[in-house]
**Q** 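Okay, handing you the structure first.
What you see below is based on every heavy atom in this structure, not just the backbone, and it leaves out hydrogens, waters and symmetry mates.
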Amino acid sequence: MTTSFSPPSLAAPTELGTVLQQQGYAVLDAHSVSALSGCPADALAALRPLWADLPPDAFLKDGGRYRRRRHSCFVVQDGQVTQVPHRAHWQPVEYNALHGGMQRLFEPLRPELLDQPVLTQLLRWLGQVCSGLKGVKPWFVEAHQFRIDTTDGIGRPTPEGAHRDGVDLVAVFLVNREGVKGGETRVFDAAGPNGQRFTLAEPWSVLLLDDARVIHESTPIQPITQGGHRDTLVVTLRAAGFQEEHQ
């Protein structure tokens with residue numbers, strides 16, 4: 001028997017900015033993501049096979065084999081999305097105690113994804129959301145394709161535990177979950193005891209986080225069937241440039 005917690009309240013599309021301002025996070029269903037971003041639902045659904053060939057994450061300090069990923073960077077400014085030269089992903093240890101301080105150079109997103117108009121539309125929309133929340137700025141964007149699988153019997157979406165990312169906005173799109181239990185999302189007020197727990201289950205639903213106000217984590221997944229996995233697209237936006245080792 002598996003237990004799944006629905007989000008406490010899905011944000012209405014017209015109230016997204018207000019909800020983010022009030023509670024520091026918001027959850028949108030797939031229909032709302034499609035409506036707000038202008039991405040046709042069938043075009044988003046067609047992206048799912050592009051998660052099947054992600055290379056293993058070679059930087060896991062726990063020695064696990066459960067995480068596969070790709071990573072690319074962009075700048076969103078004045079409604080334009082520009083990919084920047086491929087670069088390493090870096091976080092300070094104060095935001096990622098497990099993998100912070102490491103130059104982690106992952107394989108880039110493949111052209112089959114980069115060339116999809118819906119990816120550009122999603123990033124442009126997230127730039128608009130972030131500008132509505134923080135003021136209009138150029139946004140330095142990192143996009144991560146993740147597959148967490150159950151190769152090791154258990155898969156950890158956030159092996160670093162509850163954390164912030166050191167950015168302005170985090171978007172976690174659920175792309176697919178198949179043959180697994182667990183993977184519960186937990187969001188906590190960074191300055192107090194309040195928190196929520198729920199399970200993202202609908203493909204292309206999204207959790208949006210004001211990173212300055214909340215911390216978040218996802219619990220491990222376990223297999224129900226052989227080959228169980230959880231696929232996400234995680235996008236972070238930051239006004240102060242990409243995080244770099246000299247900062």
**Q** Under 4.0 Å between a Lys/Arg side-chain N and an Asp/Glu carboxylate O for D210 and K134?
**A**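 The answer is yes: the pair qualifies as a salt bridge.
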**Q** As a quick check of understanding, evaluate side chain to side chain contact (heavy atoms under 4.5 Å, CB included) for H89 and H144, giving each step before the final call.
**A** CA-CA 10 Å; H89 176 55; H144 306 257; 3.7 Å; yes
**Q** Can you check whether R70 reaches P55 side chain to side chain, under 4.5 Å on heavy atoms?
**A**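 A side-chain contact exists here, since the closest heavy-atom pair is under 4.5 Å.
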**Q** For the atom pair NE2 (H31) and CG (L10), what is the distance rounded to the nearest 0.5 Å?
**A**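 Between H31 NE2 and L10 CG, I get 12.0 Å after rounding to 0.5 Å.
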**Q** Backbone N or O of G166 within a donor-acceptor pair of the R164 side chain at under 3.5 Å?
**A**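 Between the backbone of G166 and the side chain of R164 there is no qualifying donor-acceptor contact (under 3.5 Å).
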**Q** So, taking the atom named CZ in R65 and the one named CG in L60, what distance separates them when rounded to the nearest 0.5 Å?
**A**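 So the CZ of R65 and the CG of L60 are separated by 11.5 Å.
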**Q** Quick one: which of V19, L208, L200 gives a side-chain contact (heavy atoms from CB on, under 4.5 Å) with V27?
**A**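 Only match with V27 under side-chain contact (heavy atoms from CB on, under 4.5 Å): L200.
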**Q** Give me the atom names and distance for the closest heavy-atom approach of G183 to R177.
**A**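 Looks like O-NH1, 4.0 Å.
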**Q** Are L16 and W139 in one and the same hydrophobic cluster, where Ile, Leu, Val, Met, Phe, Trp and Tyr link if side-chain heavy atoms are under 4.5 Å apart?
**A**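 Linked within one cluster.
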**Q** So do V167 and F140 actually touch side chain to side chain, heavy atoms under 4.5 Å?
**A**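 No. Closest side-chain heavy atoms not under 4.5 Å.
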**Q** Looking at every heavy atom in both A30 and E202, which two are closest together, and how far apart are they?
**A**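 Closest approach of A30 to E202: N-OE1, 3.1 Å.
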**Q** Nearest 0.5 angstrom please: K181 NZ to I221 CD1, how far?
**A**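 CD1 of I221 is found 12.0 Å from NZ of K181.
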**Q** Indicate yes or no for a side-chain donor-acceptor contact from H163 to the backbone of H216 under 3.5 Å, with no hydrogens or angles considered.
**A**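 Present.
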**Q** Short question: side chain of S72, backbone of L109 - any donor-acceptor pair under 3.5 Å?
**A**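 Confirmed, S72 side chain pairs with L109 backbone.
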**Q** Between the main-chain N or O of A46 and the side-chain N or O of Q116, is there a donor-acceptor pair closer than 3.5 Å?
**A**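 Flag not set: sc Q116 to bb A46 has no pair under 3.5 Å.
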**Q** Where do Q21 and L133 land on the side chain to side chain contact (heavy atoms under 4.5 Å, CB included) test, with the steps shown first?
**A** CA-CA 7 Å; Q21 291 279 2; L133 186 66; 3.8 Å; yes
**Q** Would you say the side chain of H229 lies within less than 4.5 Å of the side chain of N176, judging by non-hydrogen atoms?
**A**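 Yes. Closest side-chain heavy atoms under 4.5 Å.
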**Q** Quick one: are L54 and F146 in side-chain contact, heavy atoms under 4.5 Å?
**A**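 No, too far: nothing below the 4.5 Å cut-off.
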**Q** Roughly how far apart are S37 OG and L44 CG, rounded to 0.5 Å?
**A**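 Atom-to-atom, S37:OG and L44:CG are 6.0 Å apart.
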**Q** Taking all non-hydrogen atoms of both residues into account, name the closest pair between R104 and R69 and its distance.
**A**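 Minimum heavy-atom contact is NH1-NH1, 3.6 Å.
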**Q** In Å, rounded to the nearest 0.5 Å, how long is the span from CG of L20 to CG of L169?
**A**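 One gets 7.0 Å once the value is rounded to the nearest 0.5 Å.
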**Q** Measure the shortest side-chain to side-chain distance between V33 and F173 over non-hydrogen atoms and say whether it is less than 4.5 angstrom.
**A**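 Yes, at least one pair of side-chain atoms sits under 4.5 Å.
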**Q** Can you name the closest pair of heavy atoms from G227 and T150 and give their distance?
**A**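 Between these two residues, the closest heavy atoms are C-OG1, 4.4 Å.
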**Q** Under a 3.5 Å distance rule, please check whether R230 uses its side chain to pair with a backbone N or O of I148 as donor and acceptor.
**A**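 No, R230 side chain to I148 backbone: no donor-acceptor pair under 3.5 Å.
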**Q** Is a side-chain donor or acceptor of R67 paired with a backbone partner of R156 at a separation under 3.5 angstrom?
**A**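 Not at all, since once roles are kept as given, no pair shorter than 3.5 Å links the two residues.
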**Q** Whether the side chain of D231 engages the backbone of V175 through a donor-acceptor N/O pair (distance < 3.5 Å, no angle test) should be reported.
**A**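 Looks like no, no N/O pair under 3.5 Å.
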**Q** Examine distances only and state if a side-chain atom of T219 and a backbone atom of E184 form a donor-acceptor pair shorter than 3.5 Å.
**A**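 Side chain of T219 to backbone of E184, a donor-acceptor pair under 3.5 Å: yes, one is there.
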**Q** Between atom CD of E142 and atom CG of L237, what is the distance when rounded to the nearest 0.5 Å?
**A**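 Between atom CD of E142 and atom CG of L237 there are 10.0 Å.
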**Q** Taking L113's backbone N and O only, do any of them form a donor-acceptor pair with R110's side chain (distance below 3.5 Å, no angle check)?
**A**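 Flag not set: sc R110 to bb L113 has no pair under 3.5 Å.
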**Q** Quick check: do V76 and L126 have side-chain heavy atoms less than 4.5 Å from each other?
**A**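 Result no, sub-4.5 Å side-chain heavy-atom pair not found.
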**Q** Please tell me if the side chains of W204 and L47 come closer than 4.5 Å, counting only heavy atoms from C-beta onward.
**A**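 A side-chain contact under 4.5 Å exists here.
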**Q** For the residue pair L114 and F74, establish whether any side-chain heavy-atom pair is separated by less than 4.5 Å.
**A**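 They are in contact (side-chain heavy atoms under 4.5 Å apart), so the answer is yes.
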**Q** Among D149, D57, T151, which one satisfies side-chain contact (heavy atoms from CB on, under 4.5 Å) with R68?
**A**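 With R68 as partner, D149, D57, T151 yield a single side-chain contact (heavy atoms from CB on, under 4.5 Å), made by D149.
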**Q** Determine whether a donor-acceptor pair (N or O, by modelled atom type, separation under 3.5 Å) exists between the side chain of D168 and the backbone of A239.
**A**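 Yes; judged by distance alone, with no hydrogens or angles, the pair exists.
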